[in-house]
Undergrad: 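This structure is in structure tokens; I'll ask about it shortly.
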Amino acid sequence: MNLGTRKILDRSFTAVGVTSIVLMALALLVVLVPIISGGLKALFFQGTIEHRQLVYNEFGRGDREELERQKEQSQEARRPVFAMLDAFDAELEGMEPAERREYRSQYNHVRDVLHDMLGPLPGDIEPLLLRFQYGNTRWEQAEESLHDLLYVTKWDYSNPNVMAEKYFTPRVDEFQGTALAPLFAYVETHLEEMLLPQPEFYWGFITDRSLDAHIFGGIWAEIQGTFYLAMGAMLFAFPLGVIAAIYFTEYAKDNFLTSMLRSANSTLAGVPSIVFGLFGLAFFINTVKVSESKSVLAGSLTLAIMVLPTIIRAAEEAILAVPKTYREASLGLGATKWRTIVTVILPAALPGIITGAIISLGRAAGETAPIIFTAAVSVGATIGLADVFTEPTPALSWNIYNLASEHEAANEIRHVQYGMVLSLISIVLLLNMSAILLRARISKKLKG
Amino acid sequence: MKILKKLFLLVAVLSFAATAPAQAKDSLVLDGSTTVGPIAKSFAAYFTKNYGVQVTVSESGSGNGAKSLINGACDIANMSRGMKDAEVAAAKSKGVDPVAHVVALDGIAVVVHPSNFVSALTTEQIRDIYRGKVTNWNQVGGPSAKIVVIQRESNSGTQDLFRSLVVGKKNPITKRAETQASNGAVKSRVATTPAAIGFIGLGFVDDSVKSLSVDGVKPSVETVKDGSYPVARPLFMVTDGQPTGNVKKFIELNRTEDGKQMISELGYVNKY
């Protein structure tokens, strides 16, 4: 091969390498930017008076006097709306039944939207569900409600051969000449006075319990559950994995059984996580009965089984990488085999073992399938450390899935879902960072 | 060595903390249907608030709820269909005596994208769509577009009821039908797919989808309650034996004024 060809090959390989790295970075950005921007919206947003009232009533935080003052102010702005509704109610009473029916369904929709926006209207039955007790707590939701109030969504069905196009007509047209007509313009211009939006930093999203199935409140129970499950899994998997690795590398004879065990371990690493979930249900809960039903303990054990192969493999590699001279020196000084392993080999292999543990920890925190049947619930309270043996817990990974697919109000609470995703990523990052720091300290000590 | 010692100490401390005696406390575990889920979650919040009893709710589908009850893994199984014979037999063999309580009534709304011209179908037309005999909307008076048929997974009680009430138990659903795992997933799939048809619990219907009249009757709280809407069913909470104590209190929430109000606020239909 002449020099020119070699150069071209070399350059093109460099180009391919750089391109793939750039592509990876772009892909990462595409994933991370929406997660971060969406997740931060759960913490930072334009909060309305309804939000402040909710936080004060449910969690007792906030300045009472200031809140009273703002409430008074917003009530002042809302009064004309209520008066117009009353006037229209009276007008409806005086109408012919046919005419009244015509207005009724449109009017009910107006009332529903106003209820969404401002909370229960005078004359409504006091709602029991928290989601109906307050108006829009976030300004962007209020703006959506406003659009819904001002415009009727219609579909153009004029051509039956194609799918219809969406278009909007002003809702005020339906009420022209009635007492309700001025309401639309009034709400449009006075929405800010009625809801008093101001920038909020809702740190309670991390530390509060969830209210009304995640529609309001925070995600503390999920964060704690994720933490318990991941730590619990490591508590079982780490010692077991290291012991198994020591057996494989130091004690096991090189025979058929050992190679079978090794390949079984490798196969286990490739088993889909849902299989572990079902195994956990069948074995830990139904057969061994570690707990009556789903519990953190059963979930941790299942996750531990799932990450065990990774830990064993990493620990094995790390132990094998310890220079032979270390072992020989120790044995030469008269140390027993056991003592050599505990005092020389394990400390030298520890950084590598911890690397395996870090990877596993992230996986245990993020897995959904193994905990569906063994530990996770959609709603549940935060549990104490003493309850991990018997109680199930909500966990971030499962609740993200639940909120994305099963929740009845999934579209209205996207910010909660994004907030959970961001928290999960941050938790995994934090756990990894601390493990990496620990590893760095150990490595430094070993060298010094 | 110091670090190893520290690690062992940490493990020791954690295991000590974990073995601290768990205080005896009341708690209720609910598992099952995603259709009953919203009611169960709202009842759970109400129950915890008023009686101080912790309630956990999982939404894993009616079939899993039944399995969970049979295995003694939950106190109450939420189900959007009745127990099947096989499930009752499995329960009996494990010494579980399933007792079903109607918590509310629900219509199964057949939904399409709001841009679809079609606003009413007969049961026969819906059956033909799900059996694959009708594949284009123009065969049922709609625009020319290939129908995207959406069904639920076999674990779903809604799927069971839809099959027996509309498609016919023996008739297979077309292989082209796509499967979604929950009411919410069906709704969002239909809301984003102009040519789709799906079915969801009445409580899940909102502006993003259009519910069809079936045999000329629009699904609503009134038509489900008076029995005129054809695709309606009771929703169950199933217990092991006649309920007592907290389970009984929870099951009977739907007869209290507050319970009735919560059910109607969620868009379901009260039985009592």
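Worth saying up front: this structure is predicted, and the values here are computed from it rather than measured. In what follows, chains are A, B, ... by sequence order, proteins preceding strands, each numbered from 1.
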Undergrad: So what's closer than 4.5 Å to chain B heavy atoms on A/Asn402: side chain, backbone, both or neither?
TA: side chain
Undergrad: Under 4.5 Å, counting heavy-atom pairs only, tell me which of A/Ser293, A/Ser378, A/Gly380 racks up the most with chain B.
TA: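 Of A/Ser293, A/Ser378, A/Gly380, A/Ser378 has the most heavy-atom pairs under 4.5 Å with chain B.
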Undergrad: Please identify each residue that fulfils ring pair (Phe, Tyr, Trp, His ring centres under 6.0 Å) with B/Tyr51, with sequence neighbours left out.
TA: B/Phe47
Undergrad: What are the residues of residues 254-266 of chain B, in order of number, with any heavy atom under 4.5 angstrom from a heavy atom of chain A?
TA: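 Contacts with chain A: B/Asp258, B/Gln261, B/Met262, B/Glu265, B/Leu266.
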Undergrad: Shortest non-hydrogen contact from A/Asp212 to B/Ser42?
TA: OD1-OG, 4.3 Å
Undergrad: Counting heavy-atom pairs closer than 4.5 Å to chain A, which one of B/Ser182, B/Ser115, B/Gly142, B/Gly267 comes out on top?
TA: B/Ser115
Undergrad: Please flag which part of A/Tyr401 lies under 4.5 Å from any non-hydrogen atom of chain B: side chain, backbone, both or neither.
TA: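 Only the side chain of A/Tyr401 comes within 4.5 Å of chain B.
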Undergrad: Quick one: what part of A/His109 sits under 4.5 Å from any heavy atom of chain B, side chain, backbone, both or neither?
TA: side chain
Undergrad: Please name the pair of heavy atoms, one in B/Ser58 and one in A/Val377, separated by the smallest distance, quoted to 0.1 Å.
TA: OG-CG1, 3.1 Å
Undergrad: Not counting sequence neighbours, which residues clear side chain to side chain donor-acceptor pair (under 3.5 Å) with B/Lys210? List them please.
TA: A/Tyr157
Undergrad: Residue by residue, which of residues 31-41 of chain B have a heavy atom closer than 4.5 Å to a heavy atom belonging to chain A?
TA: B/Asp31, B/Thr34, B/Pro38, B/Lys41
Undergrad: Which atom names give the shortest non-hydrogen contact between A/Met163 and B/Trp137, and what distance separates them?
TA: CE-CD1, 4.1 Å
Undergrad: Tell me, out of B/Asn64, B/Val55, B/Val57, who's got the most heavy-atom pairs with chain A below 4.5 Å.
TA: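 Most heavy-atom pairs under 4.5 Å with chain A: B/Val57.
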Undergrad: To the closest 0.5 Å, what do you measure between CD (B/Gln54) and OG1 (A/Thr382)?
TA: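 Spacing of CD (B/Gln54) from OG1 (A/Thr382) equals 7.5 Å.
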Undergrad: Quick check on A/Ala376 against chain B: is it the side chain, the backbone, both or neither that has a heavy atom closer than 4.5 Å?
TA: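 The backbone, not the side chain.
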Undergrad: Between B/Ala45 and chain A, which part of the residue has a heavy atom less than 4.5 Å away: side chain, backbone, both or neither?
TA: neither
Undergrad: Drop me the distance from A/Ile285's CD1 to B/Asn71's CG, to the nearest 0.5 angstrom.
TA: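 Between A/Ile285 CD1 and B/Asn71 CG, I get 9.0 Å after rounding to 0.5 Å.
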Undergrad: Nearest 0.5 Å, what's the CZ-OG1 distance between A/Arg209 and B/Thr48?
TA: 10.0 Å
